[in-house]
Amino acid sequence: MDGFWAIVLFGISAAAGTAGQDRGGTDSMALLVPVVFLLCLVIALRRRLPEQMLVLAAALGLAQLVLNVGVTAADFALLVIVYTVAATGARWASRLSLVMALSAATLAQLRWPHENASVPGQVAVIVFQTVPFALAWVLGDSIRTRRAYFAQLEERAARLEKEREAQAKVAVAAERARIARELHDVVAHNVSVMVVQADGAAYVLDAAPDQAKKALETISSTGRQALAEMRRLLGVLRTGEHQEGGEYVPQPDVEQIEDLVEQCRGSGLPVDFKVEGTPRPLPSGVELTAYRIVQEALTNTRKHGGPNTGASVRLVYFDDGLGLLVEDDGKGAPHELYEEGGVDGAGHGLIGMRERVGMVGGTLDAGPRPGGGFRISALLPLKPAH
């Protein structure tokens, strides 16, 4: 398109001769044709080489002044290159184009003055001819600014998109860590119940078939419960399945702690359970954390407490939170094993408990009891700490 307009401008300049005939310019075609041709070349290449074409245009303008080549229609290229460089050229080229825009009319008027015009008239002509160049530069610079603004918006949108992707990845990692903790608690608790019941059933199988049958029924129901919870948790890892199926089993809450205690009693672990204060609805995160802490604590009691071990669970409702106290009177295990997650070192133990409590802004205190056994105390606030 620029090449087309360059040809049109060259044709107009050739047909009109030179506009400088009535301004005192030379009529030499040997000088006029090369100047017109190069000015049209400025139009043709202005987008590809804006800075180079600006320098060429400035050199041609000076050549016209020195060689007395009068103003032609092709000088319109000076106006176009000023706009182009202001819009797309380098900053130094934009400043140079502004200097050209403000000085071109003055230099032309000094070189080819109107003989019959007064000084105010000469000044008026200079101002009149300078205004289009100044407007061309202002328009080009405003377009540059607008493009830079849009480019900044696009960059910011791209950066925000990357940040959202990074946050999504962090959320996925956090969710997978949560699922790992959930799986640990589910498997450790239910499998330990099943092991105890299986040992008991094997011991009384011949002497008390009814008790053995009851133990086997407990193993069966506990296994089904474990499978159901594991299926729910693993289903979360399958993208979209829980949404498509429309099924999502609610997370355990404080009210189910009593069922958990009953399950432990059925497996042979005496547990004293008490609730103090006025029960009331709690945030789901607090309720799930309380349930998992009690579950993990009772599981560790069965693992490390030894024979004839008893435990106690206390829930205390405060005005601003929920208190938990789980104690046992067994022989216990070294504190380091609790930290590592058990004697096999494969679970989460107290590390998982502290992570859960920290997520809701609570505090956890765990350690051996005076006189034997182990104690876990937690305070879960209703609002996360800032």
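Numbering starts at 1 and runs along the sequence shown.
Summarising the geometry, atom CD1 belonging to I293 is positioned 12.0 Å from atom CG belonging to L298; distances are rounded to the nearest 0.5 Å. Once rounded to the nearest 0.5 Å, the distance linking CD of E163 with CZ of R156 reads 9.5 Å. Rounded to the nearest 0.5 Å, atoms CD1 (I81) and CG (L60) are 11.0 Å apart.
Note on K162 versus E165: no salt bridge recorded, every NZ/NE/NH1/NH2 to OD/OE distance being 4.0 Å or above. Salt-bridge check for R91 with D141: passed, with a basic side-chain N closer than 4.0 Å to an acidic carboxylate O.
Put simply, the side chain of R144 gets close to the backbone of G89: a donor and an acceptor are under 3.5 Å apart. A donor-acceptor pair under 3.5 Å is formed between the side chain of D329 and the backbone N or O of G310. Side chain of W137 to main chain of V99: no donor-acceptor pair is present (N/O by atom type, distance under 3.5 Å, no hydrogens or angles).
Side-chain contact between E287 and L380 is absent, with no heavy-atom pair separated by less than 4.5 Å.
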TODO: Please lay out, stage by stage, how L324 and L315 fare under the test side-chain contact (heavy atoms from CB on, under 4.5 Å).
DONE: CA-CA 5 Å; L324 286 175; L315 297 183; 2.6 Å; yes

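Applying the salt bridge (Lys or Arg N to Asp or Glu O under 4.0 Å) test to pairs two or more places apart or on separate chains, none has a residue in residues 49-59. Evaluation of the salt bridge (Lys or Arg N to Asp or Glu O under 4.0 Å) test over residues 261-285, restricted to residues two or more places apart or in two chains, returns E262-R265, D272-R314.
When each of I43, V85, V42, L39 is tested with V80 by the rule side-chain contact (heavy atoms from CB on, under 4.5 Å), just one qualifies, namely I43.
Nearest heavy atoms, T301 versus A311: CG2-CB, 4.4 Å.
Looking at Q295 and R292, their side chains do bring a donor and an acceptor atom within 3.5 Å of each other.
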